Amino acid sequence: MSYAAYVFDAYGTLFDVHAAVRRHAEAIRPDGQAFSELWRAKQLEYSWVRSLMGVYVDFWELTEQSLDHAFQRFPSADPKLKKPLLDAYWALDCYPEVPAVLKGLKERGARIAILSNGSPAMLASAVKNAALDIIIDDVFSVDAVKAFKTAPAVYDLVTTSYRLYPQAVSFQSSNRWDVAGATKFGFRTVWINRADSPDEYKDYGPSLILPSLESLQFGI
């Protein structure tokens, strides 16, 4: 079945959130992987907590705050790496299959968009760095509604802008909680389970589970 729009989460789905630390792995050893995982976990936690508080803080600020916490938890990491790591986050690597998949879907006539917690500036930088700006039609940031995923108003950014019913949108995310929120909203959802993680939120299951985005280019 074809969909009018294929909408993608950005971080962890199109862009590798661990690429920034990987570029400085030698300087962060032996805790690089754990450091990167904590940075990411706290980045998301901070967005959820603020949402529950009814407070909105720019995602870039949360990214910096969560990095500060990671440095506090891992004294082995030199705090002088803060600026290089933040700079690297503006130009994260996209996953290898991403350009071909997005191009293939676009050639089928679908709209291609990003829907992300990221700030507009962060997303613009990531998209341009990965040379995806010539493929992606629209980038939707939660900044427009001042609320983070999984708030329904975030997913509604797509349907309102495109004047589509939710079921006409295929939404792809590597974050299972994001898939749950999008499923509840009414999107057709695809969980990109890159880490082969156990399923959660089974009351809001995805329509499809894939190990990467690659199969999407065949129109599934």
Side-chain angles (χ1 to χ4, degrees), residues 5-24 28 35-51 53 55-71 77 79 81-99 101-102 111-151 153-158 161 171-175 177-179 181-182 192 194 213:
Y6 284 82
V7 180
F8 298 82
D9 170 61
Y11 299 112
T13 305
L14 299 181
F15 305 109
D16 184 353
V17 294
H18 300 295
V21 170
R22 195 177 302 120
R23 292 178 196 174
H24 300 279
I28 305 179
F35 181 96
S36 188
E37 289 175 354
L38 181 63
W39 183 11
R40 173 61 171 168
K42 286 297 177 179
Q43 181 193 48
L44 295 175
E45 179 188 325
Y46 291 173
S47 72
W48 296 330
V49 170
R50 288 184 175 63
S51 289
M53 292 167 60
V55 174
Y56 178 77
V57 178
D58 185 282
F59 198 62
W60 181 247
E61 185 175 339
L62 298 185
T63 300
E64 185 172 356
Q65 290 177 6
S66 55
L67 179 58
D68 288 338
H69 178 77
F71 277 119
L81 288 170
K82 178 178 177 177
K83 186 178 185 306
L85 286 172
L86 289 175
D87 288 345
Y89 213 91
W90 287 85
L92 294 174
D93 300 329
C94 71
Y95 290 100
E97 79 275 15
V98 167
V101 170
L102 299 190
R111 289 176 170 175
I112 308 299
I114 284 175
L115 177 63
S116 173
N117 277 343
S119 69
M122 290 173 69
L123 294 169
S125 178
V127 168
K128 184 175 181 180
N129 178 73
L132 299 178
D133 50 331
I134 60 174
I135 304 173
I136 293 173
D137 297 304
D138 296 285
V139 177
F140 298 101
S141 166
V142 301
D143 192 67
V145 292
K146 299 294 189 288
F148 291 108
K149 297 175 180 178
T150 55
V154 173
Y155 304 107
D156 191 50
L157 285 169
V158 175
S161 178
F171 179 74
Q172 291 66 226
S173 179
S174 65
N175 301 298
W177 52 269
D178 191 12
V179 169
I192 308 303
R194 296 186 183 276
L213 291 166

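Given the structure is predicted, the values throughout are model-derived calculations rather than measurements. Heavy-atom basis, side chains included; hydrogens, waters and symmetry copies ignored.
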Return the CG to OG distance between Asp138 and Ser161, rounded to the nearest 0.5 Å. 5.5 Å
If you take all heavy atoms of Val145 and Ala153, which pair is closest and at what distance? CG1-O, 4.0 Å
Indicate the ring-plane relationship of Phe59 and Phe148, choosing parallel, tilted or perpendicular according to the 30° and 60° boundaries. tilted
How long is the straight-line distance from CG of Leu86 back to OG1 of Thr63, given to the nearest 0.5 Å? 8.0 Å
side-chain hydrogen bond (donor to acceptor under 3.5 Å, both in side chains) partners of His24, counting only residues at least two apart: none
Any side-chain heavy-atom pair of Thr150 and Tyr155 under 4.5 Å: yes
Which atom of Ala144 lies closest to which atom of Leu157, heavy atoms considered: CB-CD2, 3.9 Å
Side chains of Asn117 and Val154: does their closest heavy-atom pair fall under 4.5 Å? no
Is a side-chain N or O of Ser47 found less than 3.5 angstrom from the main chain of Leu44, in a donor-acceptor match? yes
State which residues pass side-chain hydrogen bond (donor to acceptor under 3.5 Å, both in side chains) with Asp137; sequence neighbours excluded, sorted by chain then number. Lys106
For Val7, is there any backbone N or O sitting under 3.5 Å from a side-chain donor or acceptor partner on Gln172? yes
Between the CG atom in Asp156 and the CG atom in Leu115, the distance rounded to the nearest 0.5 Å is 10.5 Å
Within the distance-only criterion (no hydrogens, no angle test), does the side chain of Glu97 pair as donor or acceptor with the backbone N or O of Leu213 below 3.5 angstrom? yes
Please report the C-alpha distance between Asp16 and Leu92 in whole Å, then the side-chain angles of each, then the deciding distance to 0.1 Å, and finally whether the side chain to side chain contact (heavy atoms under 4.5 Å, CB included) criterion is met. CA-CA 6 Å; Asp16 184 353; Leu92 294 174; 5.8 Å; no
Give, for atom CG of Leu14 and atom OH of Tyr95, the distance between the pair rounded to the nearest 0.5 Å. 9.5 Å
Would you give the length of the straight line joining atom CH2 of Trp90 to atom CH2 of Trp60, rounded to the nearest 0.5 angstrom? 5.5 Å
Report the C-alpha separation of Leu62 and Lys42 in whole Å, then their side-chain angles, then the decisive distance to 0.1 Å, and conclude whether the side chain to side chain contact (heavy atoms under 4.5 Å, CB included) test is met. CA-CA 8 Å; Leu62 298 185; Lys42 286 297 177 179; over 6 Å; no
Smallest heavy-atom separation, Ala77 atom then Ile28 atom, equals CB-CG2, 4.1 Å
May I ask you to check whether Phe71 and Trp39 place their ring centres under 6.0 Å from each other? no
Tyr11: side-chain hydrogen bond (donor to acceptor under 3.5 Å, both in side chains) partners, not counting sequence neighbours: none
Do side-chain atoms of Arg194 reach the backbone of Thr13 as a donor and acceptor pair under 3.5 angstrom? yes
Could you state the interatomic distance from CH2 (Trp48) to CD (Gln43), rounded to the nearest 0.5 Å? 10.0 Å
What residues, two or more places apart in sequence or in another chain, satisfy side-chain hydrogen bond (donor to acceptor under 3.5 Å, both in side chains) together with Gln65? Arg50, Glu61
Close side-chain approach of Ile112 to Phe8, heavy-atom, < 4.5 Å: yes
Kindly give the heavy-atom pair with the smallest separation between Ala151 and Ala147, and that separation in Å. CB-CB, 4.1 Å
Do Leu67 and Phe35 make a side-chain contact, defined as non-hydrogen atoms from C-beta onward lying under 4.5 Å apart? yes
Any non-hydrogen side-chain atom of Leu132 less than 4.5 Å from a side-chain atom of Phe15? yes
Could you tell me which residues satisfy salt bridge (charged side-chain N to carboxylate O under 4.0 Å, His left out) with Asp58, sequence neighbours excluded, listed by chain and number? none
Taking all heavy atoms of Leu123 and all of Ala10, pick out the closest pair and write down the distance. CD2-CB, 3.8 Å
For residues 140-149, pull every pair meeting side-chain hydrogen bond (donor to acceptor under 3.5 Å, both in side chains), keeping only residues two or more places apart or in separate chains. Asp9-Lys149, Tyr56-Asp143, Lys149-Asp178
